[in-house]
Amino acid sequence: MVGQKWVRLVTAQTPTNIAVIKYWGKRDETLILPVNDSISVTLDPNHLCTTTTVAVSPAFDRDRMWLNGKEISLVGGRYQNCLREIRKRATDVEDKEKGIKIAKNDWENLHVHIASHNNFPTAAGLASSAAGFACLVFALAKLMNVREDEGKLSSIARQGSGSACRSLYGGFVKWIMGNNEDGSDSLAVQLADEKHWDDLVILIAVVSSRQKETSSTSGMRESVETSLLLKHRAQEIVPKRVVQMEEAIKNKDFPSFASLTCADSNQFHAICLDTSPPIFYMNDTSHKIISIVEKWNRAEGTPQVAYTFDAGPNAVLIAHDRKAASELLKRLLFYFPPGAGTDLNSYVIGDKSILQDAGVHDMKDVESLSPPPELNDGISNQKYPGDVTYFICTRPGHGPVVLCDESKALLDPETGLPK
Ligand SMILES: Nc1ncnc2c1ncn2[C@@H]1O[C@H](COP(=O)(O)OP(=O)(O)OP(=O)(O)O)[C@@H](O)[C@H]1O
Ligand SMILES: C[C@@](O)(CCOP(=O)(O)OP(=O)(O)O)CC(=O)O
């Protein structure tokens, strides 16, 4: 193959996911094995996704990766583990059109180029590592003709970032913690696809897109070392909660789904506080959003919206249908109008039809929103312009896909370098 010039490319797109029963704590740091099962909802890749192009060519002299346009090092164990596990499973590839033939054994000596782009902020509590590692593993598996099912691929993505294993499927996904020491039974399964419960609308309040102080990886390590609450949660609480959550999803039982989701998010943040030294991921804006949702849910007598927060201050709000979502958006825009110089069009992104449903077409409509009736006590009507950076309207979405359109590739098909 020496002297040959061809480049073979695969481009894939993979969603991110939000946990409704959280993963927080590892029993094995290297293999990334969790202390409890977790459950997530996959978010629509039209609004939040990673796109990754992987390329192979006999002309490449080493593995290289570019993330959001900048070259990054692949030396870290997580990238190396994913690359090794995928390479081990590579099989023969033949592309008759381009005259490319790669035998199973050739893969050991061939290098890859990887370019990846997140269409949302990286390392800001929006699970970029989940979409990122899932996309890397999925794209490499396609490039190398790996004949494993999604479950096996999920256990490889898990070794890049735990939450990544749940991004190999659309809809509602469970990461089974497993028992084996080698991690072979710690993988994700799909509970239901995205069409099963398609009334749900998801609104994300991006409270801060700055990079956070404590990464999930080090935060959960400190919690495992110091929090007694974490042990109690993993052993006593989560096993029962996972069964209840599976039931709620199966039956599309929104009140149960919402109360489990909110309780689990609050317990995860309680563990962060129970960690020594304590970790604060939520901020004042996060707390105000919780209070708005709690008061509204109580006033309605039955939950309209669930909230959940990962390792950052951003709120992920799951509304039980479009009507609840437009009512929620009106409430949020009342308290958190765009800051000076921000226009509505860039303030609410994603599925803007929710904005139409809410009857909010321009800034005048935002200014004339009335205070939510449940909070109209004259005291709680203070507004906080600029405290939310922007909102993303989305929904449950599908799993990874290959993008066949070559114009979507992030690497040049001639050189294998970023376009
Ligand atoms: N598209 C990508 N491809 C490969 N790796 C990625 C990609 N995007 C992010 N990563 C990796 O994930 C790291 C960020 O993970 P981190 O857990 O700190 O943040 P996050 O996933 O955005 O937030 P959280 O997991 O708390 O919701 C990056 O430094 C990078 O190593
Ligand atoms: C709060 C969480 O988002 C934690 C995610 O942690 P990561 O998957 O980012 O951690 P590593 O496995 O160390 O890469 C909850 C969740 O997604 O379940």
Side-chain angles (χ1 to χ4, degrees), residues 12-43 48-54 65-70 72-79 81-83 114-140 157-167 173-175 177 186 188 204 206 209-224 238 242 261 264-265 267-269 271-272 279 281-282 308-314 316 410:
Q13 202 169 64
T14 300
T16 181
N17 70 78
I18 178 73
V20 289
I21 301 292
K22 304 290 184 194
Y23 146 55
W24 195 251
K26 298 182 184 71
R27 62 181 200 277
D28 184 312
E29 288 271 339
T30 314
L31 289 170
I32 311 196
L33 301 177
V35 294
N36 57 257
D37 292 348
S38 54
I39 294 181
S40 60
V41 181
T42 299
L43 303 183
L48 289 162
C49 72
T50 293
T51 303
T52 301
T53 300
V54 289
M65 173 160 182
W66 293 263
L67 175 56
N68 297 325
K70 267 183 56 200
I72 61 162
S73 161
L74 283 172
V75 168
R78 291 172 172 226
Y79 287 112
N81 291 348
C82 291
L83 282 163
I114 304 158
S116 189
H117 177 258
N118 303 322
N119 71 352
F120 59 93
T122 298
L126 287 173
S128 66
S129 58
F133 279 101
C135 208
L136 177 68
V137 167
F138 181 79
L140 285 173
R158 189 202 75 226
Q159 297 173 56
S161 178
S163 52
C165 73
R166 300 184 310 238
S167 273
V173 184
K174 171 160 117 169
W175 174 9
M177 63 178 283
S186 184
I204 304 173
V206 179
S209 43
R210 279 181 300 120
Q211 299 217 345
K212 61 189 177 235
E213 258 175 55
T214 311
S215 71
S216 305
T217 307
S218 59
M220 69 175 83
R221 187 183 305 126
E222 287 161 23
S223 296
V224 168
V238 177
V242 161
T261 299
D264 202 70
S265 171
Q267 188 172 70
F268 152 51
H269 290 276
I271 285 173
C272 294
I279 310 166
Y281 284 125
M282 292 197 283
T308 185
F309 295 78
D310 272 352
N314 305 325
V316 179
L410 303 175

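Counting convention: from 1, in listed order, for ligands and their atoms alike.
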(message) Residue-level breakdown please: for Phe309 versus ligand 1, do any non-hydrogen atoms fall below 4.0 Å on the side chain, on the backbone, on both, or on neither?
(response) neither

(message) Need the ligand 1 atom indices (1-based, order shown) with element for anything under 4.0 Å from a heavy-atom of Ser216.
(response) 24 (P), 25 (O), 26 (O)

(request) Could you see which bit of Asn68 sits under 4.0 Å from ligand 1, with heavy atoms only: side chain, backbone, both or neither? (result) neither

(message) Under 4.0 Å, counting heavy atoms only: does Trp175 come that close to any atom of ligand 2?
(response) no

(message) Tell me the closest heavy-atom pair linking Ala19 and Arg166, and the distance in Å.
(response) CB-NH2, 3.6 Å

(request) Before signing off on this row, confirm whether Ser129 and ligand 1 have an N or O atom pair separated by under 3.5 Å. (result) yes

(message) Has Ser186 got a side-chain atom pairing as donor or acceptor with Met177's backbone, closer than 3.5 angstrom?
(response) yes

(request) Give a yes or no answer on whether the side chain of Ser265 reaches the backbone of Phe309 with a donor-acceptor pair at less than 3.5 Å. (result) yes

(request) Number the atoms of ligand 1 from 1 as they appear, then name those within less than 4.0 Å of a heavy atom of Ser116, with their elements. (result) 1 (N), 2 (C), 3 (N)

(message) Minimum distance, heavy atoms only, to atom 4 (C) of ligand 1: which one of Met65, Met220, His117 is it?
(response) Met65

(request) Provide the number and element of each atom of ligand 1 under 4.0 Å from a heavy atom of Ala311. (result) 26 (O)

(message) Please verify the inter-ring angle class for Phe268 with Trp24; under 30° counts as parallel, over 60° as perpendicular, anything in between as tilted.
(response) tilted

(request) Start with the C-alpha gap between Lys26 and Ile32, add the side-chain angles, then the distance that decides, and say whether side chain to side chain contact (heavy atoms under 4.5 Å, CB included) holds. (result) CA-CA 6 Å; Lys26 298 182 184 71; Ile32 311 196; 3.8 Å; yes

(message) Is it the case that the side chain of Ser161 and the backbone of Ala164 share a donor-acceptor pair, with hydrogens and angles ignored and the cut-off at 3.5 Å?
(response) no

(request) Answer yes or no: does an N/O atom from Ala127 fall short of 3.5 Å to an N/O atom of ligand 1? (result) yes

(message) Show, in sequence, the C-alpha distance, side-chain angles and deciding distance for Val238 and Ile21, and conclude whether the side chain to side chain contact (heavy atoms under 4.5 Å, CB included) test is met.
(response) CA-CA 8 Å; Val238 177; Ile21 301 292; 3.9 Å; yes

(request) Please say whether Gly162 places an N or O atom under 3.5 Å from an N or O atom belonging to ligand 2. (result) yes

(message) I want to confirm something. Looking only at heavy atoms, which of Arg166, Arg158, Lys22 is nearest to atom 16 (C) of ligand 2?
(response) Arg166

(message) Distance under 4.0 Å to a non-hydrogen atom of Ser129: what atoms of ligand 2 satisfy this?
(response) 9 (O)

(request) Spell out, as yes or no, whether a donor-acceptor pair under 3.5 Å connects the side chain of Thr42 to the backbone of Asn17. (result) no

(message) Below the 3.5 angstrom mark, is there an N/O of Tyr79, backbone or side chain, next to an N/O of ligand 1?
(response) yes

(message) Taking 4.0 angstrom as the limit and counting only heavy atoms of Asn118, give me the atoms of ligand 1 inside it, by number and element.
(response) 1 (N), 2 (C), 7 (C), 8 (N), 9 (C)

(message) Go through it in stages, so that I can follow the logic: the residues are Asn118 and Leu67, the test is side chain to side chain contact (heavy atoms under 4.5 Å, CB included), and I'd like the CA-CA distance, side-chain angles, deciding distance and then a yes or no.
(response) CA-CA 8 Å; Asn118 303 322; Leu67 175 56; 4.2 Å; yes

